[in-house]
There are 2 protein chains.
Amino acid sequence: MAEPTDRPVSRRDRARADTAREIRTTARRVLVEQGVDGLALRAIAREMGITAPGLYRYFDSREDLVEHVVADLYDELTDVLEAARGSADPATPGVQLLAVSRAFRRWATTHHAEFGLLFGSAGERVLEPGEPQRDGERPSAMAGRRFGGVFAELVARIYLQQGFPVPDEADLDPGLRDQLREWCARLPVPLPLGVGYVFLSCWIRLYGMVCMEVFGHLRFALDDAEPMFEAELRALGEALGVAGEYQPPAR
Amino acid sequence: MAEPTDRPVSRRDRARADTAREIRTTARRVLVEQGVDGLALRAIAREMGITAPGLYRYFDSREDLVEHVVADLYDELTDVLEAARGSADPATPGVQLLAVSRAFRRWATTHHAEFGLLFGSAGERVLEPGEPQRDGERPSAMAGRRFGGVFAELVARIYLQQGFPVPDEADLDPGLRDQLREWCARLPVPLPLGVGYVFLSCWIRLYGMVCMEVFGHLRFALDDAEPMFEAELRALGEALGVAGEYQPPAR
DNA sequence: AAGCATAGTGACCGCCGTTAGCTAACAGTG
DNA sequence: CACTGTTAGCTAACGGCGGTCACTATGCTT
C-alpha cells in the first residue's frame with residue numbers, strides 16, 4: 001500500500017507530502033478557531049484556497065483526516081511533555097513526573113478543543129462488525145501509546161530507582177493479574193505486575209482530574225481547579241514515594 | 001415566561017406537555033440507535049411522523065432539545081443509582097456507595113452514547129461573552145447536581161457515621177480551602193472542608209476510571225476493565241475507612 | 001358563531017460529506 | 001521531440017443537516 005518500492009522521494013512525492021502536511025496543519029488551525037464542530041472539510045479547503053473534493057486525493061474521508069490530526073496532536077503533546085521532562089530540575093524521575101503532569105494539565109487547559117478531540121467522547125469509533133479490529137495499528141493509536149509511554153516510563157523509573165509500595169501479585173484479582181501480565185510483558189523492562197496496577201491507578205487519577213476540569217465537570221464545586229490539581233499531585237507523589245520531591249508550581 | 005398564571009392545566013397544556021415529552025423520549029431513542037452524531041432534528045421528527053420545523057414549537061434549537069435530553073438522562077441515571085442504593089444489603093453507607101458506584105459503571109458501559117453525551121466533551125458549551133452565565137440554572141446542570149448529590153451524600157454519611165482520615169483545614173492550600181468553604185457552605189449539613197476534598201478526590205477517581213473505560217482509553221492495557229474497576233473500588237473503600245464492607249460483585 | 005392562538009406544513013437558505021467526471025499539468029519512454 | 005499514463009484539482013451534483021418564514025387548519029375561548 002504505502003511501499004515506495006525503491007526510489008523513496010520523487011519530485012511529486014515531496015509535493016504530495018507537503019500538501020498532506022499543510023492540510024493537517026490547516027485542519028488543526030480550523031479546529032482551534034472553529035471548535036470540533038467547525039472542523040469541516042470545506043472550511044479546511046477554504047482556508048487553503050482549494051475546494052473540498054480535492055482533499056479526497058489525500059485522505060479517504062473526514063474521519064481519516066481527523067484520525068491523522070489526532071495523531072499529530074498526540075505527537076505535539078508528547079513533545080511538550082518530553083520538553084517539560086527535560087527541563088525538570090533536579091532531573092529526578094519524581095520531579096520529572098511532577099513537571100510532566102503539570103505540562104499535561106497546562107496543555108489541556110490551553111488547548112481545549114484539541115484535548116476534547118483526543119480524550120473526550122468525540123474520538124471514539126464504533127468498529128464495524130466485519131471490520132478487522134486492527135485498532136492498534138491506527139496512527140492515532142500508535143501516537144497515543146507514545147504519549148502514555150512518557151508517564152509509564154517515569155513511573156517505572158521511580159520504581160526501579162527507589163521503589164514504592166506495590167500490591168503483591170497474589171493479592172491481585174486473577175482476571176486483572178492476567179491482563180497486567182500480558183501488558184507488562186510488552187514493556188521493554190520486566191516489572192512486577194503491581195507496578196502496572198499502581199501506574200494505571202495513578203494515570204486514572206491524573207486523567208480524571210484533568211478531564212473533569214477541562215470538560216467543566218468540576219465547576220459544581222470549584223471555580224479554579226488548579227489548587228485541587230496540585231493537591232492531587234501531592235497525593236500522587238505520596239503514593240509513589242516521592243512526596244519529598246514535591247515543589248510548589250513555579251509562579 | 002412559564003408562569004401559568006392560575007389555571008394549571010388546560011386541555012391544550014396537557015397535550016403540549018405530552019408532545020414535548022414524546023419528543024424527548026424519541027430523541028433519546030434516536031440517540032441510542034444512531035449515536036450522538038445521528039441525533040438530528042429531522043431524524044427525531046421522522047421517527048414521530050412529523051416534520052422538523054414542528055419541533056421548534058417545543059424547543060428553541062437543537063441545542064436546547066439536547067439540553068433537555070441531557071437532563072432526562074441525568075434523571076434516569078440518578079434513579080438507577082438511587083434504586084441501587086435502596087437495594088444494598090446491608091443498608092450501610094459503605095455498602096450503598098459500593099452498589100451505587102457499580103450501578104454507575106454498569107449504566108455507563110451499557111449506555112455508551114448517553115454516557116458520552118453526559119460526561120464526554122460533547123456536552124460542553126462555550127458561553128458567549130455577552131450571555132449571562134446563569135449556567136447553574138440550566139435544567140441539565142440542575143439534574144447533574146442531583147446526580148452528584150447521591151455520591152456526595154453517601155460520602156458525607158460515611159463520614160458522619162464512622163469518620164475517615166481527612167486533611168486538616170490548615171493543611172489545605174488557601175486557594176483550595178476558600179473554594180471548598182464556599183461549596184461546603186451550600187451543603188445542607190455542615191462538614192469539615194477536608195471531607196469535601198476527600199469526596200472530590202474519590203469522585204475524580206471514579207469518574208476517571210469509568211470515563212477511561214467507556215471512551216476506550218484503557219484498551220492499551222486492559223481488555224476487560226471490570227477487575228481494575230473493582231480494585232479501584234476497594235482502594236476507594238480503604239480511603240473512606242469502609243474497606244471491611246467490601247463484598248465482591250454479585251455474579 | 002366569531003375570533004384567535006397555536007400545531008404543524010412546505011418551500012427555502014446555506015452549510016455539510018461525498019461521488020463522478022472532467023481538465024490540465026506533470027513524469028517517464030520511444 | 002511526441003506519446004502515454006498518472007495525478008491534482010476543478011465543477012456539478014446528491015442527499016442530509018439546522019434553521020427561518022409564510023401559511024393552513026384545528027380546536028379553544030368568549
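In the text below, chain A, chain B and the rest are named by the order of the sequence lines, each starting its count at 1.
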Expressed in angstrom and rounded to an integer, what is the separation of A:F59 atom CZ from C:dT18 atom C1'? 16 Å
Assess whether a salt bridge exists between A:D75 and A:R146, defined as any Lys/Arg side-chain N lying under 4.0 Å from an Asp/Glu carboxylate O. yes
A:R16 side chain: which of C:dC16, C:dT18, D:dA8 is closest? D:dA8
Mind calculating the distance between CG (A:D37) and P (C:dG14) to the nearest angstrom? 22 Å
Donor-acceptor contacts under 3.5 Å from residues 97-107 of chain B side chains, at least two apart:
unit_1, atom_1, unit_2, atom_2, d
B:S101, OG, B:L97, O, 2.8
B:R102, NE, B:E230, OE1, 3.4
B:R102, NE, B:E230, OE2, 2.7
B:R102, NH2, B:E230, OE1, 2.9
B:R102, NH2, B:Q247, O, 2.7
B:R105, NE, B:E213, OE1, 2.9
B:R105, NH2, B:E213, OE2, 2.9
B:W107, NE1, B:E76, OE2, 3.1

Please classify the nucleic acid contact of B:Y58 as base, sugar-phosphate, or nothing, using heavy-atom distances under 4.0 Å. sugar-phosphate
Show me the donor-acceptor pairs within less than 3.5 Å that the side chains of residues 44-57 of chain A make with the rest of the protein, sequence neighbours left out.
none

Please pick, from C:dT18, C:dA7, D:dG18, the nucleotide with the shortest atom-to-atom distance to any side-chain atom of B:L41. D:dG18
Could you go through nucleotides 10-16 of chain D and list every protein N or O atom that sits under 3.5 Å from one of its N or O atoms, giving the distance for each pair?
unit_1, atom_1, unit_2, atom_2, d
D:dC10, OP2, A:T51, N, 2.7
D:dC10, OP2, A:T51, OG1, 2.7
D:dA13, N6, A:R42, NH2, 3.4

A:S61: side chain to side chain contact (heavy atoms under 4.5 Å, CB included) partners, not counting sequence neighbours: A:E63, A:D64
Cut-off 3.5 Å, no hydrogens considered: what does the side-chain donor-acceptor table look like for residues 201-209 of chain B, sequence neighbours left out?
unit_1, atom_1, unit_2, atom_2, d
B:S201, OG, A:R205, NH2, 3.3
B:S201, OG, A:E232, OE2, 2.9
B:R205, NE, B:E232, OE1, 3.3
B:R205, NH2, A:S201, OG, 3.3
B:R205, NH2, B:E232, OE1, 3.3
B:R205, NH2, B:E232, OE2, 3.4
B:Y207, OH, B:F119, O, 3.2

A:A221: which residues meet the side chain to side chain contact (heavy atoms under 4.5 Å, CB included) condition with it, sequence neighbours left out? B:W183, B:L200
When rounded to whole Å, the CG to P distance for the pair A:L55 and D:dG9 reads 9 Å
